[in-house]
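Just so we're clear, the structure is a prediction, and the values are computed from it rather than from any experiment. The residues of the chain are indexed from 1 along the displayed sequence.
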Amino acid sequence: MTLELNQIVKAIQLQPHSICTLMEMRNALPLSAPLAAVESVDGDYEEETAAMVKMGSFDGEVRKVSDASEEIMLLWGLQQPTFSNPNAFVNQSALTLRLDACGHALSILQSPSSLMSPGVTGAVMWDSGIVLGKFLEHAVDTRRLHLQGKRAIELGSGCGLVGCIAALLGAQAVLTDLPDRLRLLRKNVETNLGLGVMRGSAMVRELIWGEDPDLDVLEPLADYVLGSDVIYSEAAVEDLLTTLTQLCGMHTTAFLAGELRNDAVLEYFLEAAMEDFLVGRVDQTDWHPDYRSQRVVMYILTKKQSN
């Protein structure tokens with residue numbers, strides 16, 4: 001980096017940080033600035049504004065989210081999701097998705113034709129589901145998570161990959177979705193979790209967000225709640241958070257992964273979630289090294305202590 005660029009970067013970094021200064025810092029660099037200069041600005045900004053903390057049952061540090069609008073600025077400014085290819089790990093036109101996980105060759109059935117129906121997205125796999133499932137495997141392998149004998153509830157299971165991986169890792173997994181989504185979900189559980197394959201267990205149950213769960217879903221309270229691509233519309237946020245509040249106890253750790261599509265929806269969710277939950281972003285360095293994407297984000301949520 002030239003002396004002039006060094007001086008620009010240092011001068012910018014001396015300014016008080018605010019929600020808008022990230023883009024100001026980047027834009028102040030000349031167009032010819034090398035990538036290292038931009039990364040230096042971005043990296044220093046994030047390091048100074050995000051506290052690294054431990055949350056829940058994850059034996060690693062995550063970036064605490066304290067301000068929803070600032071988090072959105074950071075995500076879209078640093079990860080630039082629109083410049084990354086979608087569906088890097090999936091083929092939504094295929095009838096079957098094959099994935100090696102936990103020492104098994106999983107075969108996940110999909111229904112591509114269902115995408116033609118408005119509002120039906122859970123009949124095919126999305127990158128965030130692959131990322132979350134492989135994160136669980138990697139976290140267990142590196143001893144940052146312990147799922148053996150733990151109760152794990154998956155929300156909006158869709159094709160069921162995440163819940164199946166949790167069961168293979170030893171969890172007592174409960175895979176849930178809307179009534180009309182359960183047929184495909186049960187088929188994938190039966191196909192991939194035969195006798196003698198699982199270290200844990202798996203059952204499929206109906207769950208409509210915002211309504212009271214059946215007792216066999218609600219009790220005992222989960223050790224883990226898992227969800228991929230469950231933050232997709234402002235209309236669904238209130239019901240999703242109602243269900244999260246019902247299923248989570250003080251010892252529960254929730255992992256939610258999602259595709260970075262709509263900044264307004266994600267900001268709305270984060271603002272609402274932080275009323276009752278502590279929220280942290282799991283850094284991509286803690287994900288499976290072969291399954292990382294700039295289009296995906298992963299959060300960990302734990303319930304706040306009652307006053």
Side-chain angles (χ1 to χ4, degrees), residues 58 62 75 79 81 84 86-92 97 99 101-102 106 108-111 114-115 119-140 145 147 152-169 171 173-178 181-182 184-185 188-189 192 202 204 207 209 222 224-233 236-237 239-241 243-244 247-248 252-262 265-266 269-270 273 279-282 284 286-288 290-301:
F58 179 56
V62 298
L75 282 177
Q79 295 192 196
S84 300
N87 301 333
F89 308 126
V90 301
N91 179 359
Q92 295 177 339
L97 182 143
L99 182 73
C102 310
L106 302 183
I108 303 296
L109 302 176
Q110 302 186 121
S111 178
S114 298
L115 287 174
V120 178
T121 59
V124 296
M125 286 299 307
W126 299 84
D127 279 354
S128 59
I130 305 287
V131 166
L132 179 56
K134 294 299 288 186
F135 163 77
L136 294 177
E137 179 186 16
H138 181 65
V140 169
L145 274 184
L147 294 184
I153 299 178
E154 184 186 9
L155 301 178
S157 295
C159 297
L161 173 69
V162 174
C164 286
I165 289 178
L168 290 171
L169 292 169
V174 183
L175 293 80
T176 69
D177 214 321
L178 297 171
R181 317 288 167 83
L182 299 186
L184 178 63
L185 181 55
N188 277 325
V189 169
N192 293 283
V204 174
L207 179 60
W209 300 349
Y224 296 96
V225 173
L226 310 170
S228 62
D229 227 33
V230 293
I231 306 166
Y232 51 83
S233 74
V237 164
D239 288 339
L240 171 61
L241 287 172
T243 295
L244 275 172
L247 297 179
C248 292
T252 306
T253 303
F255 289 98
L256 303 181
E259 315 254 342
L260 292 175
R261 299 189 190 92
N262 189 313
V265 171
L266 181 56
F269 169 80
L270 290 173
V279 180
R281 174 162 37 95
V282 183
Q284 294 211 20
D286 287 320
W287 301 8
H288 191 290
D290 296 331
Y291 293 91
R292 296 172 182 173
S293 169
Q294 297 301 308
R295 294 182 66 92
V296 176
V297 66
M298 187 185 306
Y299 291 107
I300 181 171
L301 285 75

Worksheet item: Which is it for L247 and L155 under the side chain to side chain contact (heavy atoms under 4.5 Å, CB included) test, yes or no, and what are the steps along the way?
Response: CA-CA 10 Å; L247 297 179; L155 301 178; 3.6 Å; yes
Worksheet entry | Evaluation steps, side chain to side chain contact (heavy atoms under 4.5 Å, CB included), between R295 and V131 | CA-CA 11 Å; R295 294 182 66 92; V131 166; over 6 Å; no
Item to complete: Would you check, one step at a time, whether the test side chain to side chain contact (heavy atoms under 4.5 Å, CB included) holds for L99 with K134?
Response: CA-CA 10 Å; L99 182 73; K134 294 299 288 186; 4.2 Å; yes
Discussion item. Assess the residue pair I165 and L132 against the criterion (side chain to side chain contact (heavy atoms under 4.5 Å, CB included)); give the C-alpha distance rounded to whole Å, side-chain angles, the decisive distance to 0.1 Å, and a yes or no.
Written reply: CA-CA 10 Å; I165 289 178; L132 179 56; over 6 Å; no
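Summarising the geometry of F58 relative to A139, their closest heavy-atom pair is CE1-CB, 4.5 Å, with the distance given to 0.1 Å. Here the closest non-hydrogen pair linking C164 and L175 is N-CD2, 4.1 Å. Closest approach of W209 and T243 over heavy atoms only: CA-OG1, 3.1 Å. In plain terms, the two heavy atoms of F269 and L301 that are nearest each other are CZ-CD2, 4.2 Å. Pairing each heavy atom of G163 with each of A173, the nearest pair is O-CB, 3.7 Å. The two residues A202 and A167 have their closest heavy-atom pair at CB-CB, 4.1 Å.
With L256 as reference, L244 is the one residue of V297, L226, L244, D229 to meet the side chain to side chain contact (heavy atoms under 4.5 Å, CB included) rule.
With sequence neighbours left out, V90 forms a side-chain contact (heavy atoms from CB on, under 4.5 Å) with N87, Q92, L97, M125, D127, I130. The salt bridge (Lys or Arg N to Asp or Glu O under 4.0 Å) search around R292 returns none, not counting sequence neighbours. With sequence neighbours left out, the ring pair (Phe, Tyr, Trp, His ring centres under 6.0 Å) criterion links Y291 to F89, H288. Applying the salt bridge (Lys or Arg N to Asp or Glu O under 4.0 Å) test to E259 and every residue at least two apart in sequence or in another chain returns nothing. Every residue meeting the ring pair (Phe, Tyr, Trp, His ring centres under 6.0 Å) condition with F255, not counting sequence neighbours, appears here in chain and number order: F135. Residues forming a side-chain contact (heavy atoms from CB on, under 4.5 Å) with V265 (at least two apart in sequence, or on another chain): I231, E234, N262.
Taking the side chain as every heavy atom from C-beta outward, V162 and S157 never approach each other to under 4.5 Å. Between L184 and C159, the closest side-chain pair of non-hydrogen atoms falls below 4.5 Å.
Atoms OG and CG, from S84 and L260 in turn, are 9.0 Å apart once rounded to the nearest 0.5 Å. To the nearest 0.5 angstrom, L75 atom CG is 5.0 Å from R281 atom CZ. The CG atom of L207 sits 4.5 Å away from atom OG1 of T176, with the distance rounded to the nearest 0.5 Å. L136 contributes atom CG, which lies 8.5 Å from atom SG of C102 (distance to the nearest 0.5 angstrom). Note that CE of M298 is 10.5 Å distant from OG of S293, once rounded to the nearest 0.5 Å. Taking CD1 from I108 and CG from L185, the interatomic distance works out to 9.5 Å, rounded to the nearest 0.5 Å.
No donor-acceptor distance shorter than 3.5 angstrom exists from the side chain of T252 to the backbone of Y224, with no hydrogens or angles considered.
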